[in-house]
Number of protein chains: 2
Amino acid sequence: MNRQASNTGETEQVQTDGDRVCCSAEHSLSEDELAADVQLLSALGNDTRYEALRLIAGTDSDVCVCELEPALGVSQSAVSQALSRLYSAGLVSRRKDGRWRYYAATPQAERLLDALDDVRGGADA
Amino acid sequence: MNRQASNTGETEQVQTDGDRVCCSAEHSLSEDELAADVQLLSALGNDTRYEALRLIAGTDSDVCVCELEPALGVSQSAVSQALSRLYSAGLVSRRKDGRWRYYAATPQAERLLDALDDVRGGADA
DNA sequence: TGCTAATATTAGAAATTACTAATATGAATC
DNA sequence: GATTCATATTAGTAATTTCTAATATTAGCA
């Protein structure tokens, strides 16, 4: 509907050219759910953030920022921003301890990471 | 709920196991695995591509490009580029049939989408 | 009370992404 | 063979992202 339609003769007609009717496909997610999923996925879809999350999830206890900086190889500011984004995506929780902040992966994050490991494993469905 | 709403009420338990040395955290993924995961995730982390994949996965049969265009509300070129990216991320397969191309979700994609549904469901771990 | 350490925030530059318009390709139809 | 249709590719641009440097904040310590 917000299609440009500036093309040659391309209007929104049902084109019954053959056996398949070219109609619009559908899915079952609401717009909000889609947006939420994309938020989550795009939070994960960045080297720094993804590796940060893996580092956090890979530790039994929680992890302080200072442990992440050397492993990630970006500036302190970049690490902090990465963690912030993960936090607002609900992928990590944080806890203050004096001057430090400790981060831990949320159950949601754990589950997604497990799914990714699973998929990487390659077993078919 | 580990949601960000509680910005103000951050837990501040002063846990003084002061022997914490600030070393570098670790995880178990190779650099290649990390990169591959990020590729996958960033392929998913975009409105157009994610919705396209949902549309494709939500159909029993496979889906032709022309069915996606009206649903996605972007240009034909953008749809094609989105599908290309999904394809090279291994999230969809494609099949030629005359002038048409039909796309289907790969098992890998199905599993990831299931995991996302699962996580969205909210059941804890 | 000032100093330092750990982290957060801001601003702006550089890199990347995602789109549209235009054009190319390849299959079907005339 | 020319035309048309479905899709892919290319080029260019606008928008977004991600980083660094600089600065702010907050907690412990001298």
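All chains are named by letter (A, B, ...) in the order of the sequence lines, taking the proteins before the strands, and each is independently numbered beginning at 1. None of the values given here were measured: they were computed from a predicted structure.
Evaluation of atom-type donor-acceptor distances gives a pair under 3.5 Å for the side chain of B:Gln76 against the base of D:dA8.
Nearer the 5' end of DNA chain C, as judged by each residue's closest nucleotide, is the contact made by A:Ser80, out of B:Gly98 and A:Ser80.
With distances taken from any side-chain atom of B:Ser77 to the nucleotides D:dT20, C:dA6, D:dT9, the minimum falls on D:dT9. If you check D:dT20, D:dA8, C:dA27 against the side chain of A:Val74, the one that comes closest is D:dT20. Of the candidates C:dA6, D:dT9, D:dT7, C:dA6 carries the atom nearest the A:Trp100 side chain, counting heavy atoms from C-beta on.
Taking only side-chain nitrogens and oxygens, B:Tyr103 comes nearer than 4.0 Å to OP1 or OP2 of D:dA8. Residue B:Arg101 has a polar side-chain atom (N or O) positioned under 4.0 Å from OP1 or OP2 of D:dA8.
Residue contacts shown for B:Tyr87 are absent, as no nucleic acid heavy atom lies under 4.0 Å away.
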Side chain to side chain donor-acceptor pair (under 3.5 Å) assessment of A:Ser80 paired with A:Gln76: CA-CA 6 Å; A:Ser80 183; A:Gln76 177 267 318; 4.6 Å; no
Verdict with reasoning, A:Tyr102 to A:Arg95, per side chain to side chain donor-acceptor pair (under 3.5 Å): CA-CA 5 Å; A:Tyr102 291 99; A:Arg95 170 174 74 79; 5.8 Å; no
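In this structure, the side chain of A:Asp97 does not engage the main chain of A:Trp100 through any donor-acceptor pair within 3.5 Å. For the pair B:Ser42 (side chain) and B:Val38 (backbone), a donor-acceptor distance under 3.5 Å is present. In this structure, the side chain of B:Glu69 does not engage the main chain of B:Cys66 through any donor-acceptor pair within 3.5 Å.
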For nucleotides 16-18 of chain D, give me every protein contact, N/O to N/O, under 3.5 Å, one pair per line with atom names.
unit_1, atom_1, unit_2, atom_2, d
D:dT18, OP1, A:Asn46, ND2, 3.2
D:dT18, OP1, A:Arg49, NH2, 3.4
D:dT18, OP2, A:Arg49, NH1, 2.8
D:dT18, OP2, A:Arg49, NH2, 3.2

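In terms of heavy atoms, A:Gln108 sits closest to A:Gly90 at OE1-O, 3.1 Å.
At its two ends the helix from C:dT1-D:dA30 to C:dC30-D:dG1 runs along axes set 10° apart, each axis drawn from five pairs and the angle rounded to 10°.
In this structure, A:Lys96 atom NZ and C:dA6 atom C1' are separated by 11 Å, rounded to whole Å.
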